Amino acid sequence: MNSSTFPPVHREIAAAVRMCEPTVSWVDTADGARLRVMSFGPDDAPTIVLAHGWACRAEYWLPQIQGLAGEFRVVCYDQRGHGFSSTGDRDIDGDVVGDDLAAVMDAAVASPAIVIGHSMGGISILSWWKRHPEQAKQKSVGAVLANTTLGSIATETRLLPFNNGSELAIRIGRILLGATLPMPRGRLTRDAVRKLVMNPRRTTDEQANFVCEIARTCNAGVRARTALALADLDLGDEAAEAVGVPAVVTTGTFDQVLPDSMGKRIAEIIDRTGHLEALVELETGHTGNIEAPEKFNDIARKLAERYLLTPTEADAEPAAKAG
């Protein structure tokens with residue numbers, strides 16, 4: 001995917017998303033949050049749902065919207081407090097993100113879908129299966145859990161180089177993560193994100209800048225509160241055990257935010273239940289869908305073609321493309 005896919009500033013990212021002609025709707029949660037939902041592609045096409053991660057917003061999925069919306073109905077939403085979604089009476093934690101996904105699935109997804117989550121979005125899916133298993137069985141036929149975790153972020157993240165799991169290191173880390181500082185534009189920020197969050201050997205300036213622009217739009221207070229809540233996350237193995245559909249787990253071999261050992265642990269648990277479709281280790285940092293968009297889209301497409309399309313539709317796809 002060439003660099004033109006990654007516009008340099010957020011207003012151009014938003015413009016690129018609008019060029020994909022989204023249908024915008026709103027989902028109200030029980031505690032008063034209002035979640036923005038965007039849908040792309042034909043209303044009657046098989047559905048893929050995308051849940052973004054911490055400090056991001058629905059536009060983060062631009063490479064997937066551009067790459068998949070022609071074949072599928074792509075639904076993405078702003079997590080509470082992110083993008084255009086309000087916060088409601090509940091602060092984000094592991095339970096809340098699962099409940100919010102349940103609200104989106106109930107209001108915006110009529111037929112079974114492939115549900116894909118990155119980082120906190122993966123946590124949303126795991127929590128959804130744990131807290132709303134009956135709905136999850138009815139509303140999904142497959143899942144992609146990308147660069148995500150069940151917990152232990154405070155002790156296992158390598159985002160902070162000094163983190164050795166000690167009480168002092170964790171305390172310092174919480175002070176830094178809880179800081180409500182704005183995220184400045186510029187080369188220093190871009191280079192820091194590329195080094196700490198992405199794979200610096202392969203990531204382009206355009207990809208790193210795209211991630212920075214998305215993160216810059218997140219309210220600093222929301223970013224800090226959410227980071228502290230996620231640092232204490234503990235979904236337990238039962239969240240992975242609850243996943244009842246074929247699941248692909250993707251990790252980044254250079255992921256310092258949520259190291260690949262976290263994803264491998266999830267994959268091992270899901271494998272024991274017989275629902276692991278694949279463990280895919282990408283040569284990326286934490287933002288696998290941005291750093292390797294073609295590979296990521298292919299993972300989503302193959303899972304959808306296998307479990308979402310009917311045999312007749314799946315057979316017709318190659319013929320239609322050939323014509």
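As the structure is a prediction and not an experimental result, all values here were calculated from the model. Only this structure's heavy atoms are used, side chains among them; waters, hydrogens and symmetry mates stay out.
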Closest contact, heavy atoms only, Val193 versus Met183: CG2-CE, 3.9 Å
Considering only distance and modelled atom types, tabulate donor-acceptor pairs under 3.5 Å from the side chains of residues 6-27, sequence neighbours left out.
none

Val211 reachable from Val222 in the ILVMFWY side-chain graph, under 4.5 Å edges: no
Gln79-Asp100 side chain donor-acceptor pair, cut-off 3.5 Å: no
Single-linkage hydrophobic cluster, 4.5 Å side-chain cutoff, Leu282 and Val249 together: yes
Least distance between heavy atoms, Val144 atom then Leu303 atom: CG2-CD2, 3.8 Å
Same apolar cluster (I L V M F W Y, side chains within < 4.5 Å links), Val96/Trp128: no
Backbone N/O of Pro200 and side chain of Thr203: donor-acceptor pair under 3.5 Å: no
Donor + acceptor pair across side chains of Gln256, Thr157 (<3.5 Å): no
Ala229 to Ile92 - nearest heavy-atom pair and separation: CB-O, 3.2 Å
Derivation of the side-chain contact (heavy atoms from CB on, under 4.5 Å) call for Val109 and Val49: CA-CA 8 Å; Val109 181; Val49 178; 3.7 Å; yes
Backbone N/O of Arg36 and side chain of Ser85: donor-acceptor pair under 3.5 Å: yes
Heavy-atom donor-acceptor pair, Arg301 side chain to Gly67 backbone, under 3.5 Å: yes
Close side-chain approach of Thr251 and Val280, heavy atoms under 4.5 Å: no
Exercise: do Thr284 and Arg202 side chains pair donor with acceptor under 3.5 Å: no
Within-4.5 Å side-chain heavy-atom neighbours: Glu241 and Lys130: no
Non-hydrogen side-chain atoms of Ile266 and Thr148 separated by less than 4.5 Å: yes
Validation row: Ile269, Leu150 side chains within 4.5 angstrom (heavy atoms): yes
Ring centre gap for His118 and Tyr60 strictly below 6.0 Å: yes
Ser140 side-chain N/O to Gly142 backbone N/O, donor-acceptor pair under 3.5 Å: no
Residues Ile48, Arg73; criterion side-chain contact (heavy atoms from CB on, under 4.5 Å); working and verdict: CA-CA 6 Å; Ile48 294 176; Arg73 177 177 181 249; over 6 Å; no
Intermediate values then yes/no, side-chain hydrogen bond (donor to acceptor under 3.5 Å, both in side chains), Ser86 and Arg80: CA-CA 6 Å; Ser86 61; Arg80 68 170 55 208; over 6 Å; no
Asp31 side, atom CG; Asp91 side, atom CG - distance, nearest 0.5 Å: 9.5 Å
Glu291 side chain to Thr287 side chain, donor-acceptor N/O pair below 3.5 angstrom: yes
CG on Asn297 to CD on Glu71, rounded to 0.5 Å: 9.0 Å
Close side-chain approach of Thr47 to Phe72, heavy-atom, < 4.5 Å: no
Basic-acidic side-chain contact under 4.0 Å: Arg187, Asp205: no
Phe296 and Gln64, any side-chain heavy atoms less than 4.5 Å apart: yes
Cluster overlap Tyr307 with Leu50, hydrophobic side-chain contacts below 4.5 Å: yes
Heavy-atom check, side chain of His52 versus side chain of Glu59, under 4.5 Å: no
Any donor-acceptor N/O pair, Lys139 side chain to Met105 backbone, under 3.5 Å: yes
Atom of Glu283, atom of Asn199 and distance for their closest heavy-atom approach: O-ND2, 3.1 Å
Minimum side-chain heavy-atom gap His286-Ser119 below 4.5 Å: yes
Lys195/Asp191 under salt bridge (Lys or Arg N to Asp or Glu O under 4.0 Å): CA gap, chis, key distance, verdict: CA-CA 6 Å; Lys195 180 179 180 180; Asp191 289 349; over 6 Å; no
Path from Leu279 to Val248 over hydrophobic side-chain contacts below 4.5 Å: yes
Steps toward salt bridge (Lys or Arg N to Asp or Glu O under 4.0 Å) verdict (Asp99, Arg90): CA-CA 11 Å; Asp99 293 347; Arg90 302 169 71 190; 3.0 Å; yes
Arg190/Arg185 under side-chain contact (heavy atoms from CB on, under 4.5 Å): CA gap, chis, key distance, verdict: CA-CA 8 Å; Arg190 184 192 68 203; Arg185 277 197 178 104; over 6 Å; no
Side chain His82, main chain Ala55, donor-acceptor under 3.5 Å: yes
Backbone N/O of Gly88 and side chain of Arg34: donor-acceptor pair under 3.5 Å: no
Rounded distance [0.5 Å steps], CG in Asp260 versus CZ in Arg265: 14.0 Å
Exercise: identify the closest heavy-atom pair between Ile153 and Leu230: CD1-O, 3.3 Å
Between CG on residue Leu126 and CG on residue Asp237, distance to nearest 0.5 Å: 11.0 Å
From OG1 (Thr204) to CE (Met198), nearest 0.5 Å: 7.0 Å
Nearest heavy atoms of Ser152 and Met262, plus distance in Å: O-CE, 3.7 Å
Trace of the salt bridge (Lys or Arg N to Asp or Glu O under 4.0 Å) decision for Glu268 with Arg272: CA-CA 6 Å; Glu268 289 173 0; Arg272 290 200 297 267; 5.1 Å; no
Gap separating the NE2 atom of His132 from the OG atom of Ser127, nearest 0.5 angstrom: 6.5 Å
